[in-house]
Amino acid sequence: MISRKKTIEMIDKIDAMFPDAECELVHKNPFELTIAVLLSAQCTDNLVNKVTRELFKKYKGPEDFIAVEQAELEQDIRSIGLFRNKAKNIQKLSKDVIERFDGIIPDNYDDLVSLAGVGRKTANVVISVAFGVPRIAVDTHVERVSKRLGIARYKDSVLEVEQTLMKKVPEDRWSRTHHQMIFFGRYHCTARNPKCEACPLLDDCREGQKRMKKAGLL
DNA sequence: CTCCCGATAT
DNA sequence: ATATCAGGAG
């Protein structure tokens, strides 16, 4: 596993590649962001945005989500996938937000993860993006990139990756680095065909070195 | 660990 | 055809 110093060198290079990285999920308020992140599980944010742009015209707040039958909401989000679980969770979450939090999405981690369909990653995204709390939400991209670069170990759990990142990345860069690692993973260090041959981090990247050697390009 | 699940890229 | 997508619950 590489050092904190080496990690900072690498995230500096990713920072130069994606200086404008930010949350790409369409939302107008913390509640919409929470719904969008919940819907984004195992789905591209492109498709989530296509659905939520229409969804948020029909459902303005938690009251609207519990005013319809579950089957109707299922149809409205069907194309996203995992739609039965997500519809059920959205209605349970909406009911809870109204009854326990006066209709307002809570701004702290513990209350957020107490909501249906909201786990550690989703709660971290919400408090980070909506409320400005420094966090590194570890999704599939952040996990893959961290492991390929050697910042974390391949055997590490998601939670271990998060804890390692918090140790090696300066706290004032957590939220920014989080988004930049997602962009890096989504547009450059992709799961299938990572662009190692055109990567500024190739010299420092274990996985990249391995792949170049295997491809006979080194 | 398994299940949930449609859309898209390769 | 199949791997992958801003995961979470049981």
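Proteins come first, then strands; the chains are lettered A, B, ... in the order of their sequence lines, and each starts at number 1. Side chains included, hydrogens not; waters and symmetry mates left out as well; all remaining heavy atoms used. Since the model is a prediction, treat every value here as computed from it, not as a measurement.
Contact of the D107(A) side chain with the I127(A) side chain is not registered, since no non-hydrogen atoms from C-beta on lie closer than 4.5 Å.
Taking atom CG of residue N193(A) and atom C1' of nucleotide dT8(B), one finds them 15 Å apart after rounding to whole Å. Following rounding to the nearest Å, E162(A) (CD) and dG8(C) (P) show an atom-to-atom distance of 11 Å. What separates CD of E74(A) from C1' of dC4(B) is a distance of 12 Å, to the nearest Å. When the P atom of dA9(B) is taken as reference, atom NZ of K195(A) falls 13 Å away, rounded to whole Å.
Counting all heavy atoms, side chain and backbone alike, V51(A) lies closest to S79(A) at CG2-OG, 3.3 Å. Of all non-hydrogen atoms in R84(A) and E74(A), the two that sit nearest each other are CG-OE2, 3.8 Å. In plain terms, the two heavy atoms of A123(A) and V118(A) that are nearest each other are N-CG1, 3.9 Å.
Rounded to the nearest Å, the gap between the P atom of dA3(C) and that of dT2(B) is 15 Å. Nucleotides dA7(B) and dG8(C) are separated by 22 Å at their P atoms, to the nearest Å. Nucleotides dA6(C) and dC3(B), compared at atom P, are 24 Å apart to the nearest Å.
Partners of I8(A) by side-chain contact (heavy atoms from CB on, under 4.5 Å), not counting sequence neighbours, listed by chain and number: R4(A), D12(A), P170(A), R173(A).
Taking every heavy atom of residues 52-59 of chain A and every atom of DNA chain B, no pair lies under 4.0 Å. Proximity of residues 169-181 of chain A to DNA chain C (heavy atom under 4.0 angstrom from any strand atom) is restricted to H178(A), H179(A). Near DNA chain B, meaning a heavy atom under 4.0 Å from it, residues 12-51 of chain A has Q42(A), L47(A), K50(A) in order of number. If you check residues 80-88 of chain A against DNA chain B, the residues with a heavy atom closer than 4.0 Å are G81(A), L82(A), F83(A), R84(A), N85(A), listed by number. Contacts of residues 119-149 of chain A with DNA chain B (heavy atom under 4.0 Å): none.
Between Y59(A) and F65(A), the ring planes are parallel. Angles under 30° get that label, and only those over 60° would be called perpendicular. The aromatic rings of Y187(A) and F183(A) sit perpendicular to each other, their planes meeting at more than 60°, with 30° as the lower class boundary.
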Could you walk me through whether T52(A) and H27(A) pass side chain to side chain contact (heavy atoms under 4.5 Å, CB included), step by step?
CA-CA 8 Å; T52(A) 55; H27(A) 63 283; over 6 Å; no
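Under the 4.5 Å side-chain heavy-atom criterion for ILVMFWY residues, no single connected hydrophobic cluster contains both L47(A) and L55(A). A continuous path of Ile, Leu, Val, Met, Phe, Trp and Tyr side chains, each step under 4.5 Å between heavy atoms, connects I105(A) with V48(A), placing both in one hydrophobic cluster. Linking Ile, Leu, Val, Met, Phe, Trp and Tyr whenever their side-chain heavy atoms come within less than 4.5 Å puts M10(A) and M166(A) in one cluster. In the hydrophobic clustering of ILVMFWY residues, with side-chain heavy atoms under 4.5 Å counting as a link, V37(A) and V133(A) come out together.
In K95(A), the NZ atom is not crowded: 12 or fewer heavy atoms of neighbouring residues, nucleotides or ligands sit closer than 6.0 Å.
The structure places CG of N89(A) at 10.5 Å from CG of L82(A), a figure rounded to the nearest 0.5 Å. For the atom pair CG of L25(A) and OG1 of T34(A), the computed distance is 11.0 Å after rounding to the nearest 0.5 Å.
Each of A116(A) and R192(A) was matched to the nucleotide of DNA chain C holding its nearest heavy atom; the match closer to the 5' end belongs to R192(A).
Remark: the backbone N or O of T177(A) is not paired with any side-chain donor or acceptor of H179(A) at under 3.5 angstrom.
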